[in-house]
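Below: the structure, in structure tokens.
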Amino acid sequence: GLVGSEMCIRDSRKALAIEWEEGDNRKIDNDYIQQVFRDKLRKEGATFHEVGNYGRAMDLADEKIEAVYETPFWSHSPMEPMNTLAHVQENRCDIWSPCHMQSRLLAATKEITGFEDEQIHIHTTYLGGSFGRRLLVDYAIEALLLSKAANAPVQLLNTRIDETKSGHYLSAGRYEMRAGFKQKQLTGVGIQVAHLSVWSQREPEMLEDGIDNSIGDDLLRYPYHIPVKKYGHHLADEIQIPVSWWRGTYANTAGFVMESWIDELAIHSKQDPLSYRLSLLQNAPNIQRVRGEEVVEKGLFRNVLEAAREKANWKEKRRPGHGKGVAVCFSFFESYAAIVAEVQVQKKKKLTIKKLTCVIDCGVAVNPNMIHAQVEGGIIFALSAMLKASINFENGRVVENSFGDYPTLTYGECPEIEVHILPSDRPASGVGELGNIPTFAAVCNAIYDASGIRIRSLPLSRHLVV
């Protein structure tokens, strides 16, 4: 609606009787999505990383283990829904919008209005959360089009249901993991991934020979010495669900899978999971290249692990039903983090997350209070997603509506969080997408330590009482 009060507009919208042509996407549901992933993974995908002769290493292995990990679609769900006020006039356009990408909005506005740069005035307002959602400008474009058509200022405000049902989600994924051992020593790891691709949907020119490096790179940010590796992926372009960047994006799912898998390798080798990680770093090169100029420094990766071991009192004897789990990461903003999670799993699989101890190296700590807030926020963001939240599909539509069925963590549900910043003389690096990445695996590894239940799919509410 373009006139009247907000309540009047909402009531009018509810009164509309729209008959939708559902089209071929009516077939999209959870089973269809997983079947597409499974079908893709029956064939070898595009190889984005290979070291040594993987086939030969697996042929020579005297022990092999396999596992499948699954991650769901997740919504950004910021507290402030998408909104924009636009006023297109004869020779001027004003836009008031909580937008991250003013350059993207400027380009879209020029195309819609035909105006030059100096005729367009973008007023960036404070924003109530983004987590990647406001990198897109679809909501601002809608307000612009309405204002141009109505020749009047138009304010667009999504409802919470709009936000949940019409989002641009973090892609679901399926990971098939394999490892070979010879005489109890790890000799090779194979990973095959099926995912929806942000680049494929939005900027296909970013693909390199069919490879989406934004998916693959996050599996290369772990500098463990694995003699032979072969990693490949499949892009599930036929699943027409809009996906986009999400706080940490594919690093969240890659971190959950990789650090859970390293834990499985440690358990299979009958070693302490934290000590096993350190052992895999011993023979690794000091500098490991991810792609281009991006490198991981083994020493800094090891430092946060060792500090987390000390700060979390890793070696203390576990009480029955209690467990600790560890996970570590290097983020694309050149920061390092290790988390030790402490949990309790009671009878009837009741989970309580007691504490998370996080150690980070983010270079020079310019504003320690802000760093603590960002890391704590990232941890809570991850916990909200992994405990109960997922976006599900039925008959081509999103099932969830609002925070009632896509919940976020409440204050009373938050565990104790302890953040330690290691001193450093490196240049300052980013922390906004750091704390969330190792949280998923740290908690899941702690659950295994407490109960022997290995979590390979999320959210945790599928497996435990949370």
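Excluded from the calculations below are hydrogen atoms, water molecules and symmetry mates; all remaining heavy atoms, backbone and side chain alike, are included. Values in this document were obtained by computation on a predicted structure and should not be read as measured data.
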Shortest non-hydrogen separation from G248 to N436 and the atoms involved:
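In this case the closest contact between G248 and N436 is CA-ND2, 4.0 Å.
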Identify the residue among R318, K324, H322 that makes a side chain to side chain donor-acceptor pair (under 3.5 Å) with D449.
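The single option meeting the side chain to side chain donor-acceptor pair (under 3.5 Å) with D449 is R318.
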Between W261 and Y224, does the ring centroid distance fall short of 6.0 Å?
no
Candidate pair F256 and W74, rule ring pair (Phe, Tyr, Trp, His ring centres under 6.0 Å), full reasoning
CA-CA 14 Å; F256 163 58; W74 278 313; 8.3 Å; no
Looking at [Y] and [X], is there a salt bridge between them, counting it only when a charged N and a carboxylate O are closer than 4.0 Å?
X    : Y    : result
D138 : R133 : yes
E413 : K388 : yes
R247 : E433 : no

Would you check, one step at a time, whether the test side chain to side chain contact (heavy atoms under 4.5 Å, CB included) holds for D263 with R454?
CA-CA 10 Å; D263 232 61; R454 176 59 68 186; 3.7 Å; yes
Decide ring pair (Phe, Tyr, Trp, His ring centres under 6.0 Å) for F73 and W246; before the verdict, give the C-alpha distance in whole Å, the side-chain angles of both, and the deciding distance to 0.1 Å.
CA-CA 11 Å; F73 288 92; W246 192 83; over 10 Å; no
Between L186 and S269, does the side chain to side chain contact (heavy atoms under 4.5 Å, CB included) criterion hold? Intermediate values first, please.
CA-CA 9 Å; L186 178 65; S269 302; over 6 Å; no
Could you walk me through whether Y175 and T253 satisfy the side chain to side chain donor-acceptor pair (under 3.5 Å) test, starting with their C-alpha distance in whole Å, then the side-chain angles of each, then the deciding distance to 0.1 Å, before giving a yes or no?
CA-CA 9 Å; Y175 294 72; T253 50; 3.0 Å; yes
Verdict with reasoning, W314 to D272, per side chain to side chain donor-acceptor pair (under 3.5 Å)
CA-CA 10 Å; W314 174 263; D272 171 78; 2.9 Å; yes
All N/O donor-acceptor pairs, side-chain side in residues 78-86, below 3.5 Å, sequence neighbours left out:
residue: E80; atom: OE1; partner: G128; partner atom: N; Å: 2.6
residue: E80; atom: OE1; partner: R134; partner atom: NH2; Å: 3.4
residue: E80; atom: OE2; partner: N83; partner atom: ND2; Å: 2.9
residue: N83; atom: ND2; partner: P81; partner atom: O; Å: 2.8
residue: T84; atom: OG1; partner: S97; partner atom: OG; Å: 2.9

What verdict does the salt bridge (charged side-chain N to carboxylate O under 4.0 Å, His left out) test give for E297 and R426, after you've listed the backbone C-alpha separation in whole Å, the side-chain angles of each residue and the deciding distance to 0.1 Å?
CA-CA 12 Å; E297 296 187 40; R426 292 192 304 122; 5.4 Å; no
Between atom CG of D237 and atom OG of S200, what is the distance when rounded to the nearest 0.5 Å?
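These two atoms lie 3.0 Å from each other.
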Is there a side chain to side chain donor-acceptor pair (under 3.5 Å) between D94 and H123 once you walk through the steps?
CA-CA 7 Å; D94 286 273; H123 311 272; 2.8 Å; yes
